[in-house]
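Comments concern the structure below.
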Amino acid sequence: MPVAGLGPYDNSNVFARILRGELPCQKIYEDEYALAFHDINPQAPVHVLVIPKTPYVSLADFTAQANPAEIAGFFAAVGNVARQLGLEAPGYRILANMGGHGHQEVPHLHVHIFGGRPLGPMLAV
Ligand code: AMP
């Protein structure tokens, strides 16, 4: 079910639990600002999620509340992950769902990275 994408932050969401080490993840990258791991239900040969280590519900919340270092650090991490995965030469797609129309399901900001095959047009429907 989609979530609103606006506060308050729910500390029991699945990505908060991964950050606290209460749930496992297939981690592929971590730095001061971000954690990246494989999506549990991949939609492409490469489907990775990058999340900020700080508690923001969505991109809306993040861009309104986070400080410039957090924002720069997080988006640098997204690019670093894609580079580390060897996706730059073939190309890749990033996506951040926000709120109801965006069909956001987990209320902790995450950027999807898709790659590993030609991804077709931007939206399937
Ligand atoms: P979204 O619709 O943008 O909120 O996407 C949420 C994503 O989180 C989906 O692609 C799910 O497959 C993924 N997901 C949910 N739980 C987990 C988990 N425990 N580990 C990895 N990915 C997950």
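The residues of the chain are indexed from 1 along the displayed sequence. First listed ligand is number 1; within each ligand, the first listed atom is number 1.
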The one among L23, V106, D39 that brings a heavy atom closest to atom 9 (C) of ligand 1:
D39
Only heavy atoms count here, so choose which of N97, V14, N13, I40 is nearest to atom 23 (C) of ligand 1.
I40
How close do Q84 and I28 get, counting heavy atoms only, and between which atoms?
NE2-O, 2.8 Å
Quick one: does [X]'s side chain get under 4.5 Å of [Y]'s, heavy atoms only?
{"X": "I18", "Y": "K27", "value": "no"}
{"X": "Y29", "Y": "V48", "value": "no"}
{"X": "L19", "Y": "H108", "value": "yes"}
{"X": "L6", "Y": "M98", "value": "yes"}
{"X": "L35", "Y": "F15", "value": "no"}

Do the ring planes of H47 and F114 sit parallel (below 30°), tilted (30 to 60°) or perpendicular (above 60°)?
tilted
Proximal atoms of ligand 1 relative to [X] (non-hydrogen, under 4.0 Å):
{"X": "N41", "value": "12 (O)"}
{"X": "H38", "value": "21 (C)"}
{"X": "H112", "value": "1 (P), 3 (O), 5 (O), 7 (C), 10 (O)"}
{"X": "L49", "value": "8 (O), 13 (C), 22 (N)"}
{"X": "E105", "value": "1 (P), 2 (O), 4 (O)"}
{"X": "H103", "value": "2 (O)"}

Does ligand 1 have any atom that is closer than 4.0 Å to a heavy atom of Q26?
no
Given that the side chain starts at C-beta and the backbone is N, CA, C, O, which of these parts of Q43 lies under 4.0 Å from ligand 1, counting heavy atoms, or is it both or neither?
neither
Nearest protein heavy-atom contact for atom 1 (P) of ligand 1: which residue, which atom, what distance?
H110 NE2, 3.1 Å
Nearest neighbour in protein (non-hydrogen) for atom 8 (O) of ligand 1
F15 CZ, 3.5 Å
Strictly by modelled atom types, are E70 and T54 linked by a side-chain donor-acceptor pair under 3.5 Å?
yes
